[in-house]
Amino acid sequence: MSQKDIVACNVMISVLGKNGFVEDARGLFDSMVEKDSYSWNSMVSCYFKMGDVESARFLFDRNPVKNEVSWNVLIDGYSKLGYLSNADNFRDFVSLYNEMRWSGVCPSESVLSLIVQCCAGFCATGLGKALHCEIFKWNFGYDVVLQTGLLDFYAKVGDLSSAKRVYDEMPCKDVVANNAMISALSKNGLIKEAQSLFESMTEKNSATWNSMITCYSKMGDIHTARFIFDSSPSKDVVSWNAMIDGYCKAGQLYYAEELFNNIGYMRNSVTWNTMITGFVQCKEFQRALHLFDNMQAERVKPTEVTMVSLLSACAHLGALDMGEWIHSYIKKNKLKIDVILGNALIDMYCKCGKISSALDVFHKLQVKNIYCWNSIIMGLAMHGYGNEAINYFHNMIKEGVHPDGVNFVGLLCACSHSGLISEGKMYFSQMQSVYGVEPGIEHYGCMVDLLGRSGQLLEALELINSMPFKANAVVWGSLLRSCHIHKDTKLGEQVTQRLLELDQHDGGNYVFLSNLYASLGRWKDVDKCRKLLIESGVRKEPGLSSVEVDNVVHEFVAGDSSHPQFSQINAFLVDIGKKLKDAGYEADTGSVLHDIDDEDKEGSVSYHSERIAVAFGLMSIPLGKEIRVVKNLRTCDDCHTVMKLISRIYNREIIMRDRNRFHHFKDGICSCKDYW
DNA sequence: CACTCAGACT
């Protein structure tokens with residue numbers, strides 16, 4: 001084969017590949033007696049164009065005459081297929097890069113830019129810095145793209161001073177470099193500097209304007225953000241998305257929706273994600289799920305980000321069926337379960353009461369971060385599996401993950417829920433000395449809860465007085481609840497006094513004190529509390545319970561007759577009442593009569609919301625399937641007793657999540673062993 | 001240049 005023949009074949013391979021005839025190209029390639037690096041590279045390039053990563057890599061590995069271009073084609077091919085946005089692939093890719101350096105090939109600027117971009121994406125601080133040193137050593141003549149990549153890398157890993165240094169050393173700064181700098185400044189809250197850079201720029205593109213929109217909305221200045229949006233001469237879809245996100249973050253859903261509805265043909269999947277996420281952030285979980293229906297109706301392809309937001313909505317709602325549907329959707333559509341999506345799944349399963357599935361996802365995740373560990377430990381804690389939570393904590397330490405503050409909240413919470421008093425005390429004392437985590441007020445809060453609930457009220461009070469923080473309403477509230485459980489009115493009154501000094505507008509405090517008096521039959525004091533509550537004009541958060549039936553979440557508030565099956569539910573509640581009576585149950589009428597809880601204000605047939613939800617569940621959910629109820633407040637003693645009885649009388653498993661933890665009612669007993 | 005995950009008490 002002459003050199004001329006080889007060149008002709010190479011060109012032919014390239015042409016065939018470009019037109020999609022990859023088989024023919026391969027045939028020609030295989031038939032060549034002699035091949036040069038050009039032949040190999042063209043063939044690899046063909047496979048990448050067809051999206052066939054495996055074949056491309058297979059050929060690359062067997063290429064005996066690798067040159068600089070070979071590496072370029074490989075790396076470029078990977079990146080164009082979005083292959084490098086996956087952390088596992090990135091690790092593989094880094095070892096590939098090292099191999100290339102070992103074989104003495106000098107990377108090109110474009111390859112280096114790609115790697116630096118990846119380092120920014122994965123916050124691979126060490127590698128990024130090492131690359132910067134090498135680039136400096138080789139003296140790459142200040143390629144503007146590469147330098148901007150470095151600037152972006154430092155901005156993303158939070159090293160603003162290095163970002164600034166890179167920027168200042170750039171001999172010529174194009175609009176992209178300036179944009180990166182604006183973004184870096186705004187991420188660090190240096191809005192003034194970003195603003196003056198913006199004003200000094202002679203050339204601006206849409207990205208420049210968009211950066212400023214994000215900059216102002218991140219600072220909470222939504223009006224200026226809107227002003228920039230309106231002033232921008234080149235609005236693209238990113239401008240609209242950034243503005244919608246700004247309104248969502250500011251809690252102004254009305255304006256966000258207005259833009260969302262008016263964006264027109266430009267609307268893309270990110271627009272949908274932004275709006276769905278916005279609903280979730282504003283706690284409009286049902287609307288988030290509903291918007292997803294519209295997204296599907298318009299045949300917009302959901303992404304991993306969509307799934308994360310939807311799962312978060314399911315977690316809050318306790319919508320297990322919907323959550324499981326999303327999980328199977330993810331599998332069916334081969335979406336990538338990375339740490340973020342994986343953690344969203346774990347969190348959803350934990351909060352929907354299916355800890356076994358949460359553990360399943362957890363163990364299948366190859367890469368786990370501190371979020372995943374925190375979710376699973378907190379999940380175990382909420383279900384009362386204190387010892388398992390402690391085991392997972394130790395496994396985490398063994399795997400070399402450093403604990404953080406959130407981690408200890410979960411751990412101490414686990415001890416508290418399971419009554420593991422000495423363990424809780426031990427971990428609390430080890431936080432600083434063994435694990436180097438400074439205890440915050442939230443950890444003291446956990447300890448006050450742990451001590452108080454176990455009846456060590458004075459120790460709890462001592463801890464409050466000795467802690468290096470000013471006690472907040474949460475800490476006092478926790479102690480007050482313990483006073484209620486252990487019927488210590490004297491301390492309860494003192495604590496309430498402190499609470500009212502701190503926050504006169506929290507109606508919950510009056511309710512608590514009132515319940516404390518009611519449990520002791522001090523009705524005069526109960527009346528006094530009620531007057532105080534009315535005079536102060538505050539309202540307590542209304543109790544709200546939900547139950548999921550056929551992928552639809554039904555919400556119930558006491559006394560709300562808006563549900564279409566209201567009368568049937570009411571009749572069923574009366575029937576439940578009769579059956580309970582037959583079983584020997586007697587309502588705690590004293591406390592019910594005098595309770596000033598909002599939920600009890602209605603007439604003859606009034607029940608706490610969780611009872612209505614369970615009644616509806618009993619009516620609508622087929623036998624054999626458990627009833628899952630979510631309540632926004634803590635359940636009361638009376639309802640807890642009723643749930644236990646219902647589980648026995650109707651032979652049903654009831655899984656209820658309240659504000660604090662899970663209760664699994666089965667055969668007349670609860671998983672919390674009445675310690676909650 | 002835009003969109004994603006966790007926590008004490010009520």
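What you see is a predicted model, and the numbers here were worked out from it, not measured in a lab. Order of the sequence lines sets the chain letters (A, B, ...), proteins ahead of strands, with each chain counted from 1.
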Peer 1: Any Lys/Arg nitrogen of A:R287 or A:E257 sitting under 4.0 Å from an Asp/Glu carboxylate oxygen of the other?
Peer 2: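 Looking at A:R287 and A:E257, the cut-off is met.
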Peer 1: Rounded to the Å, how far apart are A:W272 CH2 and B:dA2 P?
Peer 2: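 For the pair A:W272 CH2 and B:dA2 P, the rounded distance is 22 Å.
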Peer 1: Which whole-number value in Å describes the distance from A:I376 CD1 to B:dC5 P?
Peer 2: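 About 18 Å, once rounded to whole Å.
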Peer 1: How many whole angstroms separate atom NZ of A:K156 from atom P of B:dC1?
Peer 2: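 After rounding, the gap between these two atoms is 6 Å.
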Peer 1: Just compare B:dC5, B:dC3, B:dC9 and give me whichever is closest to any side-chain atom of A:V308.
Peer 2: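 From the listed options, B:dC5 comes nearest.
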Peer 1: Could you give the CE-to-P distance, from A:M467 to B:dA8, as a whole number of Å?
Peer 2: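 One finds 17 Å between P of B:dA8 and CE of A:M467, rounded.
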Peer 1: What nucleotide, of B:dG7, B:dC5, B:dC3, holds the atom closest to the side chain of A:N343?
Peer 2: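 Of B:dG7, B:dC5, B:dC3, B:dC5 is nearest to the side chain of A:N343.
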Peer 1: So what does A:K204 touch, heavy atoms closer than 4.0 Å: a base, only the sugar-phosphate, or nothing?
Peer 2: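 Answer is nothing: A:K204 stays at 4.0 Å or more from every strand.
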Peer 1: Counting side-chain heavy atoms from CB outward, which of B:dA8, B:dC5, B:dC1 is closest to A:V409?
Peer 2: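 Taking heavy atoms from C-beta onward, the closest nucleotide is B:dA8.
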Peer 1: Using the side-chain heavy atoms of A:V238, tell me which of these nucleotides is nearest: B:dC1, B:dC9, B:dC3.
Peer 2: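 Ranking B:dC1, B:dC9, B:dC3 by closest atom to the A:V238 side chain puts B:dC1 first.
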Peer 1: Just compare B:dA2, B:dC1, B:dT4 and give me whichever is closest to any side-chain atom of A:N210.
Peer 2: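 The answer is B:dC1, which lies nearest to the side chain.
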Peer 1: Provide, to the nearest angstrom, the distance between the CG atom belonging to A:L480 and the C1' atom belonging to B:dC9.
Peer 2: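 Spelled out: CG on A:L480 to C1' on B:dC9 is 10 Å.
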Peer 1: Just N and O in the side chain of A:K218: are any of them under 4.0 Å from OP1 or OP2 of B:dC1?
Peer 2: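 Negative; the distance criterion is not met.
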Peer 1: Could you tell me whether the side chain of A:F469 reaches within less than 4.5 Å of the side chain of A:Y444, counting heavy atoms only?
Peer 2: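 Of all side-chain heavy-atom pairs linking A:F469 with A:Y444, at least one is under 4.5 Å.
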Peer 1: Given B:dA6, B:dA2, B:dC9, which nucleotide is nearest the side-chain atoms of A:T214?
Peer 2: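 The nucleotide sitting nearest to the side chain is B:dA2.
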Peer 1: B:dC3 phosphate, OP1 or OP2: any side-chain N/O from A:Q281 under 4.0 angstrom?
Peer 2: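 A:Q281 to B:dC3 OP1/OP2: no side-chain N or O under 4.0 Å.
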Peer 1: Would you classify A:D245 as touching base, sugar-phosphate or nothing, given that sugar-phosphate means primed atoms plus P, OP1 and OP2, and contacts are heavy atoms under 4.0 Å?
Peer 2: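 Sugar-phosphate: the residue A:D245, judged by heavy atoms under 4.0 Å, touches backbone atoms but no base.
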Peer 1: Only counting residues at least two apart or in another chain, list the ones meeting ring pair (Phe, Tyr, Trp, His ring centres under 6.0 Å) with A:F362.
Peer 2: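 Only A:W373, A:Y392 meet the ring pair (Phe, Tyr, Trp, His ring centres under 6.0 Å) criterion with A:F362.
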Peer 1: Grab the OH-P distance between A:Y371 and B:dC5 for me, whole Å please.
Peer 2: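 Interatomic distance, OH of A:Y371 to P of B:dC5: 9 Å.
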Peer 1: Among B:dA6, B:dA2, B:dA8, which is the nearest nucleotide to the side chain of A:D404?
Peer 2: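 For A:D404, the side-chain atoms sit closest to B:dA6.
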Peer 1: A:T277 has a side chain; which of B:dC1, B:dA8, B:dC3 sits nearest to it?
Peer 2: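 The closest nucleotide is B:dC3.
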Peer 1: Rounding to an integer number of Å, can you tell me how far A:Y444 OH sits from B:dG7 P?
Peer 2: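 Interatomic distance, OH of A:Y444 to P of B:dG7: 23 Å.
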Peer 1: With respect to the side chain of A:I340, which nucleotide from B:dG7, B:dC5, B:dC9 is positioned closest?
Peer 2: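 So the side chain of A:I340 is nearest to B:dC5.
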Peer 1: How about A:W209 and A:K235: do any of their side-chain heavy atoms sit closer than 4.5 Å?
Peer 2: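 A side-chain contact under 4.5 Å is absent here.
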Peer 1: Looking only at atom types and distance, does a side-chain atom of A:H486 sit under 3.5 Å from a main-chain N or O of A:R453, one as donor and one as acceptor?
Peer 2: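 Judged by distance alone, yes, a pair lies under 3.5 Å.
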Peer 1: Nearest whole angstrom, please: distance from the P of B:dA2 to the CG of A:N273.
Peer 2: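 Interatomic distance, CG of A:N273 to P of B:dA2: 14 Å.
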Peer 1: Among A:L291, A:N241, A:T277, A:T306, which residue meets the side chain to side chain contact (heavy atoms under 4.5 Å, CB included) test with A:W272?
Peer 2: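 Of the listed residues A:L291, A:N241, A:T277, A:T306, the side chain to side chain contact (heavy atoms under 4.5 Å, CB included) partner of A:W272 is A:L291.
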Peer 1: Which nucleotide, B:dC3, B:dC9, B:dA8, lies nearest any side-chain atom of A:M378?
Peer 2: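 That would be B:dA8.
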Peer 1: May I ask you to evaluate whether A:N407 reaches the phosphate of B:dG7, defined as a side-chain N or O under 4.0 Å from OP1 or OP2?
Peer 2: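 So the side chain of A:N407 is outside the cut-off, no N or O lying under 4.0 Å from OP1 or OP2 of B:dG7.
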